[in-house]
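One structure is given here, and the rest of the page talks about it.
Quick note: numbers below take in every heavy atom, side chains included, and nothing from hydrogens, waters or symmetry partners. Keep in mind that this is a model prediction, so the values were computed, not measured.
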Amino acid sequence: MNNTKAFIFDLDGVIVDTAKYHYLAWQKIANELHIEFTHEHNELLKGVSRVRSLDIILELGKVTASQEDKDRWLVQKNEDYLTYLVDMDESEILPGVFPILKFLKENKQPIALGSASKNARPILEKTGLLPYFDAVVDGNDVTNAKPDPEVFLMAAKLLNISPENSIVFEDSVAGVQAANIANMISVGIGDATTLHEAKYIFKDFTEIETSFIANLIK
């Protein structure tokens, strides 16, 4: 297996379980605004920027707000979210992820993170995963949100690998679409019905055998 491919991972809900913290932080703001915000509603925010996420919540409650209020809520949401991250450690890594990263490293495959999160680097540090990544592209580096493929194209460029030789692991519809638009192989992690546009779909990383990864490298 001497072929080299780029393996690009989304962060939230793919390699670490930070999605629950986003939900709690958004729910707190929704409660203050008397907007019902359920786990089902939270699915609408997957892979979406912080600004757009707030707009979606306001739309759910048919609430109009000034830019000043919006800016205040965005800061509040991030501060609440960051308080949840303080105690993060390797226990937040989702099951099955670590063996795949280890296998890729052993087979000298370049690995990148491609995430909308602006807190990606500290999360990777806290979970001890940062040394596994050859490149990190996050919300601080890109201007366009998924399904725009900017984040993945930048990651592939940093790894010096063409898009056609890149594999993306994503749990959101927008992320899968971004990978497909970039002409990359999309691997959906999550619900098969929701992620039906992905080339391959697994419920989670425990379902992914190293033989599957080995075939992608060939």
Tell me if a side-chain donor or acceptor on [X] pairs with a main-chain N or O of [Y] at a distance below 3.5 Å.
X    : Y    : answer
E209 : S211 : no
K105 : Y132 : yes
Q109 : K5   : yes
R50  : N78  : no
E106 : L101 : no
T194 : G190 : no
E150 : T143 : yes

Next on the checklist: Can you confirm whether N31 is buried at CG, in the sense that more than 12 heavy atoms of other residues, nucleotides or ligands lie under 6.0 Å from that atom?
Outcome noted: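 Check passes, neighbour count above 12.
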
We want to know whether [X] and [Y] form a side-chain donor-acceptor pair, criterion being a heavy-atom distance below 3.5 angstrom.
X    : Y    : result
Q67  : D71  : yes
E32  : Q76  : yes
N215 : K218 : yes

Salt bridge (charged side-chain N to carboxylate O under 4.0 Å, His left out) with [X]: which residues, sequence neighbours excluded?
X    : answer
K46  : E43, D171
E92  : K20
E125 : none

Next on the checklist: Let's go through E197 and Q177 carefully: what are the C-alpha distance in whole Å and the side-chain angles of both, what is the deciding distance for side chain to side chain contact (heavy atoms under 4.5 Å, CB included) to 0.1 Å, and is it a yes or a no?
Outcome noted: CA-CA 7 Å; E197 291 177 61; Q177 290 171 342; 3.1 Å; yes

Can you tell me how far the [atom1] atom of [X] sits from the [atom2] atom of [Y], to the nearest 0.5 Å?
X    : Y    : atom1 : atom2 : answer
N165 : F7   : CG    : CZ    : 10.0 Å
F152 : S115 : CZ    : OG    : 8.5 Å
I8   : L159 : CD1   : CG    : 6.5 Å
T4   : K108 : OG1   : NZ    : 10.5 Å
I213 : N107 : CD1   : CG    : 10.0 Å
L45  : I56  : CG    : CD1   : 5.5 Å

On a heavy-atom basis, which atom in [X] and which in [Y] lie closest, and how many Å separate them?
X    : Y    : result
G188 : A198 : N-CB, 3.6 Å
V97  : V14  : CG2-O, 3.5 Å
A120 : D138 : CB-CB, 3.7 Å
S166 : I161 : OG-CG2, 4.0 Å
S172 : L195 : C-CD2, 3.7 Å
Y200 : L216 : CE1-CD2, 4.1 Å

List in chain and number order the residues that pass ring pair (Phe, Tyr, Trp, His ring centres under 6.0 Å) with [X], two or more places apart in sequence or in another chain; answer none if no residue qualifies.
X    : value
F169 : F9, F205
H39  : Y23
H22  : Y81
Y84  : Y21

Determine, using the 4.5 Å side-chain heavy-atom cutoff (strictly less than), whether [X] and [Y] are members of one ILVMFWY cluster.
X    : Y    : answer
I185 : L153 : no
I111 : I93  : yes
L44  : I35  : yes
V173 : V48  : no

Checklist entry - Between K126 and E90, is there a side-chain N and carboxylate O pair less than 4.0 Å apart? => result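 Looking at E90 together with K126, the answer is no, because their closest N to O distance does not fall below 4.0 Å.
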
Please enumerate all residues that pass side-chain hydrogen bond (donor to acceptor under 3.5 Å, both in side chains) together with [X], with sequence neighbours excluded.
X    : answer
K118 : none
S186 : N180
T18  : D12
N183 : none

Should [X] and [Y] count as side-chain neighbours, where that means a heavy-atom distance under 4.5 Å?
X    : Y    : value
I29  : I57  : no
V176 : H196 : no
D141 : V151 : no
V137 : L158 : yes
I189 : L94  : no
V142 : M154 : yes

Checklist entry - Can you list the steps and then say if S66 with E68 is a side chain to side chain donor-acceptor pair (under 3.5 Å)? => result CA-CA 5 Å; S66 67; E68 193 181 347; 5.0 Å; no

Checklist entry - D10 and K146: salt bridge (Lys or Arg N to Asp or Glu O under 4.0 Å), yes or no, with the steps? => result CA-CA 11 Å; D10 179 42; K146 303 167 188 174; 3.1 Å; yes

Checklist entry - Should D204 and E207 be marked as a side chain to side chain contact (heavy atoms under 4.5 Å, CB included) after you check the CA-CA gap, both sets of side-chain angles, and the distance that decides it? => result CA-CA 6 Å; D204 55 39; E207 287 190 350; 4.2 Å; yes

Checklist entry - Under the 4.5 Å side-chain heavy-atom rule for ILVMFWY, direct or indirect, which residues accompany V86? => result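 In the cluster with V86 there is nothing else; it is isolated.
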
Checklist entry - Which is it for D80 and W26 under the side chain to side chain contact (heavy atoms under 4.5 Å, CB included) test, yes or no, and what are the steps along the way? => result CA-CA 9 Å; D80 287 338; W26 282 126; over 6 Å; no

Item to check | Residue of the set L129, L130, L85, L113 for which side-chain contact (heavy atoms from CB on, under 4.5 Å) holds with I123 | outcome: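 Passing option: L85.
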
Next on the checklist: As a quick check of understanding, evaluate side chain to side chain contact (heavy atoms under 4.5 Å, CB included) for T127 and D89, giving each step before the final call.
Outcome noted: CA-CA 5 Å; T127 52; D89 58 23; over 6 Å; no

